[in-house]
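What you see is a predicted model, and the numbers here were worked out from it, not measured in a lab.
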Amino acid sequence: MPILDRLNTAPGLPPGPGYAHAVTTTGKLAFVSGQVATGADGAVVGPGDLEAQTRQAMRNLEQILTALGSGWNDVVRLTWYLLDVSQVQVIRDVRDEFVRPALGEQPNPASSLVQVAALVRPEFLVEVEAVAVVPD
């Protein structure tokens, strides 16, 4: 397996709340562009609905991971861009729908969350990008 360790604790730091502080790997990395809530036709999925948009962005990310030969257990890092960080629990809950079946009790990937004033189109509420290991 290309992921060597998921570091959830470190001296002088509390455990990561829902993510690993660091993930170490071997092998080839893929840097996946930010995914938003568009369907295969390019139309916005879930206008005004953060949960629906997060779920679609994660589906899009999952399709890319699959095309790479990777899966959720190969994701090293997620970076989230969110219009309103007070709604972070919504994205955490949806994220866990996708990653928990693959990771079980292991810590989630390393993660960052950035509140932004806007995304590329005004109807988007969230964007997520990933770094993943591509298995041999």
Side-chain angles (χ1 to χ4, degrees):
M1 172 170 222
I3 292 184
L4 298 176
D5 191 21
R6 295 175 186 271
L7 180 70
N8 194 38
T9 61
L13 290 176
Y19 60 86
H21 285 298
V23 179
T24 58
T25 70
T26 62
K28 184 168 65 171
L29 295 177
F31 295 82
V32 182
S33 295
Q35 298 300 304
V36 292
T38 52
D41 62 358
V44 175
V45 174
D49 182 340
L50 179 60
E51 182 176 345
Q53 287 199 15
T54 304
R55 194 168 283 114
Q56 183 62 43
M58 292 293 281
R59 281 187 195 115
N60 294 348
L61 182 54
E62 185 171 62
Q63 289 175 327
I64 294 165
L65 292 171
T66 300
L68 291 168
S70 295
W72 292 112
N73 57 322
D74 299 308
V75 173
V76 176
R77 178 178 185 73
L78 294 170
T79 303
W80 297 89
Y81 303 93
L82 186 61
L83 295 183
D84 180 2
V85 295
S86 72
Q87 296 188 52
V88 66
Q89 194 58 49
V90 173
I91 66 169
R92 285 177 178 163
D93 291 345
V94 174
R95 174 205 59 203
D96 287 350
E97 289 175 22
F98 286 83
V99 301
R100 287 283 44 102
L103 296 181
E105 295 302 313
Q106 296 179 78
N108 286 332
S111 186
S112 291
L113 172 66
V114 181
Q115 180 168 308
V116 295
L119 293 166
V120 68
R121 288 175 35 191
E123 56 268 46
F124 293 137
L125 304 174
V126 63
E127 182 172 336
V128 59
E129 63 185 28
V131 177
V133 178
V134 179
D136 293 330

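With contacts defined as side-chain heavy-atom distances shorter than 4.5 Å, the pair Asn108/Asp96 qualifies. Two residues are said to be in side-chain contact when any heavy atoms from C-beta on lie closer than 4.5 Å; Leu83 and Leu50 fail this criterion. Residues Arg100 and Trp72 fail the side-chain proximity criterion, which asks for heavy atoms closer than 4.5 Å. You'll find the side chain of Arg92 stays beyond 4.5 Å of the side chain of Trp80, heavy atoms only. Taking the side chain as every heavy atom from C-beta outward, Asn60 and Thr38 approach each other to under 4.5 Å. Residues Leu103 and Asn73 meet the side-chain proximity criterion, which asks for heavy atoms closer than 4.5 Å. Contact of the Leu68 side chain with the Asp74 side chain is not registered, since no non-hydrogen atoms from C-beta on lie closer than 4.5 Å.
Side-chain contact check for Asp49 and Gln53: no donor-acceptor pair (N or O, by modelled atom type) lies under 3.5 Å.
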Evaluate the side-chain contact (heavy atoms from CB on, under 4.5 Å) criterion for residues Leu61 and Val75: first the C-alpha distance (whole Å), next the side-chain angles of each, then the deciding distance (0.1 Å), finally the verdict.
CA-CA 10 Å; Leu61 182 54; Val75 173; 5.8 Å; no

Check the pair Tyr81, Val36 against side-chain contact (heavy atoms from CB on, under 4.5 Å), reporting the backbone distance first and the verdict last.
CA-CA 10 Å; Tyr81 303 93; Val36 292; over 6 Å; no

May I have the step-by-step check of side-chain contact (heavy atoms from CB on, under 4.5 Å) for Leu29 and Val133, ending in yes or no?
CA-CA 5 Å; Leu29 295 177; Val133 178; 3.8 Å; yes

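Heavy-atom minimum distance, Ala132 versus Leu65: CB-CD2, 3.6 Å. Of all heavy-atom pairs between Val134 and Ser70, the closest is CA-OG, 3.5 Å.
No donor-acceptor pair closer than 3.5 Å links the side chain of Ser112 to the backbone N or O of Thr79. Although no hydrogens or angles enter the test, the distance criterion places a donor-acceptor pair under 3.5 Å between the side chain of Gln115 and the main chain of Val85.
Connection of Ile64 to Leu78 is established within a shared hydrophobic cluster, with ILVMFWY side chains joined at heavy-atom distances below 4.5 Å, either directly or through further cluster members. Leu119 and Val32 end up in the same hydrophobic cluster when Ile, Leu, Val, Met, Phe, Trp and Tyr side chains are linked at under 4.5 Å. Taken together through direct or relayed side-chain contacts under 4.5 Å among Ile, Leu, Val, Met, Phe, Trp and Tyr, Val88 and Phe98 form part of one hydrophobic cluster.
A distance of 5.0 Å separates CD1 of Ile91 from CG of Leu113, quoted to the nearest 0.5 Å. Rounded to the nearest 0.5 angstrom, Phe31 CZ and Arg77 CZ are separated by 10.5 Å. Rounded to the nearest 0.5 angstrom, Glu51 CD and Gln87 CD are separated by 10.5 Å. Interatomic distance, CD of Glu127 versus CD of Gln35, reported as 8.0 Å (0.5 Å rounding). One finds the OG1 atom of Thr54 at 8.0 Å from the CG atom of Leu125 (value rounded to the nearest 0.5 Å). Separating the CZ atom in Arg59 from the CD atom in Glu97 is a distance of 8.5 Å, to the nearest 0.5 Å.
Val126 pairs in a side-chain contact (heavy atoms from CB on, under 4.5 Å) with only one of the listed residues (Val94, Val90, Leu82), which is Leu82.
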